[in-house]
Amino acid sequence: MEAASHGCEAAPGGFFARVAIAWPGDPAEGDALLAPIRAAAPVVLDTVHDMPYTEVDAIHMDPQDPLPARESCTLLRDLTPDAIAAFLGQCGPAPAPDYPLLLVGLRHMGGALARPGPTGDAICARDAGYLVESVGVLPDPDAARAVEAATVALYTALLPYGTGRTMVNIHGRPGDDTDRARAWTPEVYARLCADKAAYDPENLLRFGHSVRTA
C-alpha cells in the first residue's frame, strides 16, 4: 500500500491544494502515476510512503481528538467547466484571507462504487462522479456563524451540478426529515423507514443520522 497526503495544508498564509491518494498496487507504478501530480506545482510537503493497510486511516491526517466542527458534503453528477468555476469561485484559488472553512475537498467517485451490488443495498451514490466535502472548525460563536455562511454559500453555488444527495457518513449535522432523506433516493429512504418501523418501533436508535419511523 502506497499512500499519503501530497501537497500541504499545514503551511499558513496562502492557497494550497492537497492530494490524498491510496495505491494498492506496485509502488513503482504508483510513483509513476503520481509523477505528473508532483510536477504540476511546487510541492511543499510530500508524505507519500509505503504503509500497511492498518494505517490507511492516517492518509487524511484527521485530528486524533474530538473538536467542534461543521462538516457537510454534496454529490456532483460530473465535473464540468461550469461546476469547476462555481467550486473555485467559492474556495479558490484566491479566497479571502479570513475564509472560514478549514478545507474543501473534492473526491473522485465511480469505479467499483458505481457498480451495483449483487443484492439490494442503501448505497445511493452510484450515479455521482464526484463528491465535494467541507469542514469548518467552530472555536467560538463568531466562527460558527462565519463557517455556516460559507458552507451555505458553497453548496448553494454547486446546487445546479449536484445529484441532490449526500453521502450519509459525511452528511454533517442532520436536520429535519427532508434534510436527512437527502442521503438516499426516495425509494431507498421509504424502505429504510419501513425497516425502522419493523425493527425499531420504539425508536431506540434515534441519535445521529437516524431515519424516521414509517
Side-chain angles (χ1 to χ4, degrees), residues 5-22 34 36-44 59-62 69-111 113-114 123-138 142-176 178-186 188-189 209:
S5 58
H6 175 72
C8 184
E9 63 180 18
F15 174 80
F16 297 93
R18 175 173 178 252
V19 179
I21 66 145
L34 191 56
I37 299 176
R38 283 181 164 133
V43 177
V44 180
I59 292 175
H60 285 282
M61 302 168 66
D62 291 334
R70 169 77 157 96
E71 183 179 42
S72 191
C73 78
T74 192
L75 294 168
L76 303 182
R77 292 184 295 274
D78 198 2
L79 200 58
T80 64
D82 287 345
I84 293 172
F87 179 84
L88 293 178
Q90 293 296 316
C91 58
D98 56 350
Y99 189 64
L101 298 183
L102 175 65
L103 66 89
V104 180
L106 184 64
R107 300 192 184 190
H108 197 186
M109 306 290 280
L113 185 60
I123 299 175
C124 298
R126 302 195 189 279
D127 59 341
Y130 295 86
L131 177 144
V132 175
E133 65 170 320
S134 63
V135 178
V137 180
L138 316 175
D142 288 339
R145 285 188 287 270
V147 166
E148 184 65 22
T151 300
V152 171
L154 172 65
Y155 295 106
T156 299
L158 295 175
L159 193 61
Y161 316 103
T163 67
R165 292 190 292 277
T166 67
M167 288 285 283
V168 64
N169 53 323
I170 318 179
H171 181 95
R173 182 184 63 221
D176 57 16
T178 300
D179 178 67
R180 291 165 184 255
R182 292 189 301 121
W184 302 281
T185 62
V188 169
Y189 185 65
H209 201 119

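Just so it is clear, the model here is predicted, and its values are computed rather than measured.
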Review point. Do T156 and L158 have side chains that get closer than 4.5 Å, going by heavy atoms?
Key: no
Exercise for review: Test side-chain contact (heavy atoms from CB on, under 4.5 Å) on T166 and Y155 and set out the steps.
Suggested key: CA-CA 11 Å; T166 67; Y155 295 106; over 6 Å; no
Revision key, fill the gap. Here the gap from H60 atom NE2 to L103 atom CG, rounded to the nearest 0.5 Å, amounts to 10.0 Å
Exercise for review: Can you see which heavy atom on I21 is nearest to which on V19, and at what distance?
Suggested key: CG2-CG1, 3.6 Å
**Study point:** CH2-CD1 distance between W184 and I123, expressed to the nearest 0.5 angstrom
**Key:** 12.5 Å
Check your understanding: How close do V168 and A183 get, heavy atom to heavy atom, and via which atoms?
Key -> CB-CB, 3.8 Å
Please tabulate, one pair per line, all N/O donor-acceptor pairs under 3.5 Å involving side-chain atoms of residues 71-81, not counting sequence neighbours.
unit_1: R77; atom_1: NH1; unit_2: G162; atom_2: O; d: 2.3
unit_1: R77; atom_1: NH2; unit_2: P160; atom_2: O; d: 2.7
unit_1: T80; atom_1: OG1; unit_2: A83; atom_2: N; d: 3.1

Exercise for review: Measure the shortest side-chain to side-chain distance between R18 and M61 over non-hydrogen atoms and say whether it is less than 4.5 angstrom.
Suggested key: yes
Check your understanding: Can you name the nearest heavy-atom pair linking C124 to T185, along with the distance?
Key -> SG-N, 3.4 Å
Check your understanding: Can you name the nearest heavy-atom pair linking R107 to I170, along with the distance?
Key -> NH1-CD1, 4.1 Å
Check your understanding: So, R180 side chain and G175 main chain: donor-acceptor pair closer than 3.5 Å or not?
Key -> yes
**Study point:** Partner set under salt bridge (charged side-chain N to carboxylate O under 4.0 Å, His left out) for R165, not counting sequence neighbours
**Key:** D127
Exercise for review: For L101 and A150, work out which heavy atoms get closest and say how close.
Suggested key: CG-CB, 3.9 Å
Review point. Is there side-chain contact between L131 and L106, with heavy atoms separated by less than 4.5 Å?
Key: no
Practice item. Please tell me if the side chains of F87 and D82 come closer than 4.5 Å, counting only heavy atoms from C-beta onward. Key: no
Revision key, fill the gap. Taking every heavy atom of H108 against every heavy atom of Y130, the minimum-distance pair comes out as CD2-CE2, 3.5 Å
Review point. Going by distance alone, is a donor N or O of one side chain under 3.5 Å from an acceptor N or O of the other, for N169 and H209?
Key: no
Practice item. Supply the atom-to-atom distance M109 CE to T163 OG1, rounded to the nearest 0.5 angstrom. Key: 9.0 Å
Review point. Are the side chain of R126 and the backbone N or O of L113 linked by a donor-acceptor pair below 3.5 Å?
Key: yes
